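Presented below is the structure to which this report refers.
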2 protein chains.
Amino acid sequence: MIIKINDMSDIPIYQQIRNQIIAGISDGKLEPGEQLPTVRGLATEIGINSMTVSKAYQLLKQEGYVYSDRRNGVCVRRDFEQKKQLSKSSSDGLKCIIAEAKVGGMTKEDFLEICEKMFEEGQS
Amino acid sequence: MIIKINDMSDIPIYQQIRNQIIAGISDGKLEPGEQLPTVRGLATEIGINSMTVSKAYQLLKQEGYVYSDRRNGVCVRRDFEQKKQLSKSSSDGLKCIIAEAKVGGMTKEDFLEICEKMFEEGQS
DNA sequence: CTCTTTGTATTATTCATTATAATACAAATA
DNA sequence: TATTTGTATTATAATGAATAATACAAAGAG
């Protein structure tokens with residue numbers, strides 16, 4: 001599991017880490033029960049502060065994606081909440097993206113095709 | 001066209017305004033050529049600083065959604081760029097949302113159905 | 001027990017972004 | 001001429017993000 005930070009992005013580092021961990025779980029690069037890189041290890045690897053990594057992990061923990069032992073570090077949960085619905089922020093974000101797509105001239109079919117491809121891309 | 005600001009949101013006010021204007025264009029509440037509320041008018045109406053509204057309008061202008069005369073104010077463009085593809089940030093955001101949906105147990109069909117409904121909701 | 005590694009907590013500091021405030025200016029128009 | 005438009009400027013406050021330097025508790029290895 002390789003984390004790549006984009007310094008030019010306006011997305012905070014801790015958010016980028018969080019997003020990539022979720023993507024990793026989604027496409028199977030990270031398996032249930034698997035341990036994430038250690039806070040200090042990952043911080044050193046990508047050249048950032050430990051607390052920034054910790055912040056990302058705490059966010060993931062709070063959202064229910066991972067859990068943490070003292071000794072075993074932070075691991076991917078085996079029992080995700082299968083809520084089968086989007087979070088409020090995801091839903092709001094999706095509405096925004098769809099509005100932009102429509103104004104940009106995309107048809108419903110155009111958009112759904114893109115979604116379909118994206119969904120299949122990282123086949124878990 | 002009513003703009004509603006959520007003070008509790010972590011999304012900056014100028015971004016919220018921008019998003020709602022685009023949503024308004026998308027669903028036809030704002031028509032091509034129509035004038036947006038004046039900078040000072042909207043600022044007073046929703047109780048914020050004029051420059052915050054101006055920042056939102058400048059962003060929309062830069063993105064090609066509106067144009068501005070000195071006297072006629074800021075108006076919705078009549079000739080949008082019909083690029084028929086998602087912006088980089090939209091594409092990245094969508095990937096993120098899809099990853100979260102997948103981890104949450106949604107199938108491709110579940111997700112596409114939600115997208116379809118959202119696309120049809122504000123029928124322009 | 002001692003030492004190391006784990007996540008976490010604390011405190012302080014720096015930096016960028018956001019938002020406000022108070023003006024000012026050019027252009028258009030009534 | 002006076003008003004309204006967007007915009008520019010400068011200063012300031014508030015917040016969030018990231019770093020830095022430690023420290024602590026828990027668990028395991030030796």
Side-chain angles (χ1 to χ4, degrees), chain A residues 1 3-21 30 33-78 89 92 96, chain B residues 1 3-21 30 33-78 89 92 96:
Chain A
M1 184 65 197
I3 304 287
K4 190 111 187 80
I5 299 303
N6 179 3
D7 292 303
M8 309 311 299
S9 172
D10 55 341
I11 300 172
I13 296 176
Y14 78 97
Q15 275 276 0
Q16 292 188 44
I17 295 173
R18 183 214 101 139
N19 292 345
Q20 289 179 45
I21 298 289
L30 282 173
E34 184 174 341
Q35 183 182 348
L36 300 190
T38 66
V39 166
R40 291 173 180 81
L42 182 55
T44 303
E45 186 184 326
I46 58 185
I48 62 169
N49 193 275
S50 308
M51 296 313 294
T52 305
V53 178
S54 180
K55 194 171 175 183
Y57 283 7
Q58 283 178 57
L59 183 54
L60 286 162
K61 190 173 159 186
Q62 179 195 324
E63 293 177 310
Y65 292 107
V66 301
Y67 65 94
S68 66
D69 272 82
R70 277 286 173 189
R71 195 63 191 81
N72 292 327
V74 175
C75 300
V76 178
R77 274 184 63 174
R78 296 176 184 280
S89 64
D92 288 347
C96 237
Chain B
M1 183 65 196
I3 305 287
K4 190 112 187 80
I5 298 304
N6 179 3
D7 292 304
M8 308 313 297
S9 172
D10 54 342
I11 300 172
I13 297 176
Y14 78 97
Q15 275 276 358
Q16 292 188 44
I17 295 173
R18 177 214 160 235
N19 292 346
Q20 289 179 46
I21 298 290
L30 282 173
E34 184 174 343
Q35 182 182 350
L36 301 188
T38 65
V39 166
R40 291 173 180 80
L42 182 54
T44 303
E45 186 184 326
I46 60 186
I48 63 169
N49 192 275
S50 308
M51 295 314 293
T52 304
V53 178
S54 180
K55 194 172 176 183
Y57 283 7
Q58 283 178 58
L59 182 55
L60 287 162
K61 190 173 159 186
Q62 178 194 326
E63 292 177 311
Y65 292 107
V66 302
Y67 65 93
S68 66
D69 272 81
R70 278 285 173 192
R71 196 63 191 83
N72 291 328
V74 175
C75 300
V76 178
R77 274 184 62 174
R78 296 177 185 279
S89 64
D92 288 347
C96 237

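Only this structure's heavy atoms are used, side chains among them; waters, hydrogens and symmetry mates stay out. Just so we're on the same page: letters track the sequence lines, and every chain starts at 1. All figures in this text were calculated on a predicted structure; none of them were measured in a lab.
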Give me, pair by pair, the N or O atoms of the protein and of nucleotides 4-7 of chain D that are less than 3.5 Å apart, along with how far apart they are.
{"unit_1": "dG6(D)", "atom_1": "OP1", "unit_2": "Val39(B)", "atom_2": "N", "d": "3.4"}
{"unit_1": "dG6(D)", "atom_1": "OP2", "unit_2": "Val39(B)", "atom_2": "N", "d": "3.1"}
{"unit_1": "dG6(D)", "atom_1": "N7", "unit_2": "Arg40(B)", "atom_2": "NH1", "d": "2.9"}
{"unit_1": "dG6(D)", "atom_1": "O6", "unit_2": "Arg40(B)", "atom_2": "NH2", "d": "2.9"}
{"unit_1": "dG6(D)", "atom_1": "N2", "unit_2": "Arg70(B)", "atom_2": "NH1", "d": "2.7"}
{"unit_1": "dG6(D)", "atom_1": "N3", "unit_2": "Arg70(B)", "atom_2": "NH1", "d": "2.6"}
{"unit_1": "dT7(D)", "atom_1": "OP1", "unit_2": "Lys61(B)", "atom_2": "NZ", "d": "2.7"}
{"unit_1": "dT7(D)", "atom_1": "OP1", "unit_2": "Ser68(B)", "atom_2": "OG", "d": "3.1"}
{"unit_1": "dT7(D)", "atom_1": "O4", "unit_2": "Arg40(B)", "atom_2": "NH2", "d": "3.4"}

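Looking at residues 6-21 of chain B, you'll see that no heavy atom sits under 4.0 Å from any atom of DNA chain D.
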Exercise for review: Any chance you could lay out the side-chain contact (heavy atoms from CB on, under 4.5 Å) test for Tyr65(B) and Ile21(B), step after step, and finish with the verdict?
Suggested key: CA-CA 9 Å; Tyr65(B) 292 107; Ile21(B) 298 290; over 6 Å; no
Check your understanding: Going through the distances and angles, do Ile48(A) and Ile17(A) end up as a side-chain contact (heavy atoms from CB on, under 4.5 Å)?
Key -> CA-CA 11 Å; Ile48(A) 62 169; Ile17(A) 295 173; 4.0 Å; yes
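Residues Asp92(A) and Asn19(B) fail the side-chain proximity criterion, which asks for heavy atoms closer than 4.5 Å.
In plain terms, the two heavy atoms of Gln20(B) and Ile3(B) that are nearest each other are OE1-CA, 3.5 Å. For Cys75(A) against Gly33(A), the heavy-atom pair with the smallest separation is CB-O, 3.8 Å.
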Just distance, no hydrogens or angles: give the donor-acceptor pairs under 3.5 Å from side chains in residues 34-46 of chain B, sequence neighbours left out.
{"unit_1": "Glu34(B)", "atom_1": "OE1", "unit_2": "Glu31(B)", "atom_2": "N", "d": "2.9"}
{"unit_1": "Gln35(B)", "atom_1": "NE2", "unit_2": "Asn72(B)", "atom_2": "O", "d": "3.3"}
{"unit_1": "Thr38(B)", "atom_1": "OG1", "unit_2": "Gly41(B)", "atom_2": "N", "d": "2.9"}
{"unit_1": "Thr44(B)", "atom_1": "OG1", "unit_2": "Arg40(B)", "atom_2": "O", "d": "2.9"}

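In terms of the side chain to side chain contact (heavy atoms under 4.5 Å, CB included) criterion, Arg71(A) has no residue partners (sequence neighbours excluded). In terms of the side chain to side chain contact (heavy atoms under 4.5 Å, CB included) criterion, residue partners of Asn6(A) (sequence neighbours excluded) are, by chain and number, Met8(A), Ser9(A), Gln16(A). Scanning for salt bridge (Lys or Arg N to Asp or Glu O under 4.0 Å) contacts around Asp69(B) gives an empty result, with sequence neighbours left out.
The end-to-end axis angle of the helix from dC1(C)-dG30(D) to dA30(C)-dT1(D), rounded to 10 degrees and based on five pairs per end, is 10°.
One atom, CD1 of Ile5(A), and another, P of dA17(D), lie 14 Å apart when rounded to the nearest Å. For the pair Asn49(B) CG and dA8(D) P, the interatomic distance rounds to 15 Å; values are reported in whole Å.
Applying the side chain to side chain donor-acceptor pair (under 3.5 Å) test to residues at least two apart or on different chains, the pairs with a partner in residues 55-64 of chain A are Arg18(A)-Glu63(A), Ser54(A)-Gln58(A), Lys61(A)-Ser68(A).
Note on Lys55(A): a side-chain N or O is less than 4.0 Å away from OP1 or OP2 of dA17(D).
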